[in-house]
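Below: one structure, written as structure tokens.
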Amino acid sequence: MPPERQYYSGKLIGNTPVAGDWRLLRLEQAELAGTIRPGQRLAVVSGPTRIEAYVNHLASDWLALLAPPTDTAAALPAFGEVAIEGPLGVGWRDTHTAAPAVVLAAGAGIAAALALVERLDPPPKLVLLDSAGLPFPFRPQPSTFVIGGLPPPVIAAAPLLEDRGVPSRLADPDGRPGCFEGSIVDLFRLWLAGHPSSGLDVFACLPAESLAELRQYPMLRIREAE
């Protein structure tokens, strides 16, 4: 069962545009920062403006949301008191695995994946991100990691993950340079064929149809951001 939605007052301490017209919303709210999980969302309300987005970063007394490109997010003030609704969804209940996991996320779920990577223990062995028709919230760069089983031209990676020492690859239906032009599940299948495993943990923030495809592989332990 999802946790009961609650209402909080908080302070917006930043509303910053990032790559692709996404916006990073920094919120000062210590109670939520101490209890919310990666994979959960919050709604931020200021006057008639309401924006819902995944948690992207958690600190001791503040947190950040990464909102996909919308006019609504841009309409929020840069600073000031706001109402907060949430948490929305269950998120990932456990971020510990016996062996390094794989993380898959698409569209708005990219924000959830970036928050998860900060908490996963041990760090993931691979993160695959799908733009799902949106621009990426970062400027893709050529990866410094060689990943066996993937087509050689697929080298685009997320800079934030590269900086953390986490290998990543990107899927994009619009065919951005260095990205895989098929679906994220197809990209994962290529990798999995070269890295068979009898019990791989896969953390996923994906549309229902992609999750259904993943569940066709009984050797995978799918951990969905509910």
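All figures in this text were calculated on a predicted structure; none of them were measured in a lab.
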Legend entry - Side-chain heavy atoms of Ser143 within contact of Arg169, under 4.5 Å: yes
Legend entry - Of all pairs that satisfy side-chain hydrogen bond (donor to acceptor under 3.5 Å, both in side chains), the ones with a partner from residues 101-111, not counting sequence neighbours: none
Legend entry - Transitive ILVMFWY side-chain link Val146 to Leu161, under 4.5 Å: no
Legend entry - Ala19: side chain to side chain contact (heavy atoms under 4.5 Å, CB included) partners, not counting sequence neighbours: Arg139
Legend entry - From CG (Leu214) to CG (Leu192), nearest 0.5 Å: 9.5 Å
Inset, instruction - State plainly whether one hydrophobic cluster holds both Leu200 and Val185, where clusters connect Ile, Leu, Val, Met, Phe, Trp and Tyr through side-chain heavy atoms under 4.5 angstrom apart. - result: yes
Inset, instruction - Decide whether Phe188 and Val127 are clustered together by the hydrophobic rule: side chain heavy atoms of Ile, Leu, Val, Met, Phe, Trp, Tyr closer than 4.5 Å, transitively. - result: no
Legend entry - Selection residues 16-34 - residue pairs positive for side-chain hydrogen bond (donor to acceptor under 3.5 Å, both in side chains), sequence neighbours left out: Asn15-Arg23
Inset, instruction - Just grab all the salt bridge (Lys or Arg N to Asp or Glu O under 4.0 Å) pairs involving residues 141-161, residues at least two apart or on different chains. - result: none
Inset, instruction - Give the minimum heavy-atom separation between Arg50 and Thr72, together with the two atoms involved. - result: O-CG2, 3.1 Å
Inset, instruction - Sorted by first residue and then second, give each side-chain hydrogen bond (donor to acceptor under 3.5 Å, both in side chains) pair with at least one member in residues 184-193; sequence neighbours left out. - result: Ser183-Asp186, Asp186-Arg189, Arg189-Glu213, Arg189-Tyr217, Trp191-His195
Inset, instruction - Considering only Ile, Leu, Val, Met, Phe, Trp and Tyr, and joining two whenever side-chain heavy atoms are under 4.5 Å apart, list the other residues clustered with Ile155. - result: none
Legend entry - CD1 on Ile184 to CG on Asp130, rounded to 0.5 Å: 5.0 Å
Legend entry - Between Glu162 and Ser168, a side-chain donor and acceptor under 3.5 Å: no
Legend entry - Reported CG-to-CG distance for the pair Leu126 and Leu150, which is rounded to 0.5 angstrom: 7.0 Å
Inset, instruction - With sequence neighbours left out, write down each residue that passes side-chain hydrogen bond (donor to acceptor under 3.5 Å, both in side chains) with Ser60, or none if nothing qualifies. - result: none
Inset, instruction - Specify the closest pair of heavy atoms between Cys205 and Tyr54, including all atoms of both residues, with the distance to one decimal. - result: SG-OH, 3.5 Å
Which atom pairs, donor and acceptor, lie under 3.5 Å between side-chain atoms of residues 103-120 and protein residues at least two apart or in another chain?
{"unit_1": "Glu118", "atom_1": "OE1", "unit_2": "His57", "atom_2": "ND1", "d": "3.0"}
{"unit_1": "Glu118", "atom_1": "OE2", "unit_2": "His57", "atom_2": "ND1", "d": "2.9"}

Legend entry - Closest non-hydrogen atom pair between Ala171 and Cys179, with its separation: C-CB, 4.5 Å
Inset, instruction - Could you work out the complete set of other residues in the hydrophobic cluster of Val45, with links drawn between I, L, V, M, F, W and Y side chains under 4.5 Å apart? - result: none
Inset, instruction - Can you see which heavy atom on Glu224 is nearest to which on Trp92, and at what distance? - result: C-NE1, 3.6 Å
Legend entry - Cluster overlap Leu128 with Val154, hydrophobic side-chain contacts below 4.5 Å: yes
Inset, instruction - Taking side chain to side chain contact (heavy atoms under 4.5 Å, CB included) as the test, write out the residues that go with Ser131, two or more places apart. - result: Phe136, Asp172, Pro173, Arg176
Legend entry - Nearest-0.5 Å distance, CG of residue Leu170 to CZ of residue Phe180: 12.5 Å
Legend entry - Residues in side chain to side chain contact (heavy atoms under 4.5 Å, CB included) contact with Thr97, at least two apart in sequence or another chain: Ala101, Pro122, Asp201, Phe203, Arg223
Inset, instruction - Check which hydrophobic residues are tied to Leu25 through side-chain heavy-atom contacts below 4.5 Å, counting indirect links as well, and list them. - result: Tyr8, Leu12, Leu27, Leu32, Ile36, Leu42, Val44, Ile51, Val55, Leu58, Leu63, Leu65, Leu76, Val82, Ile84
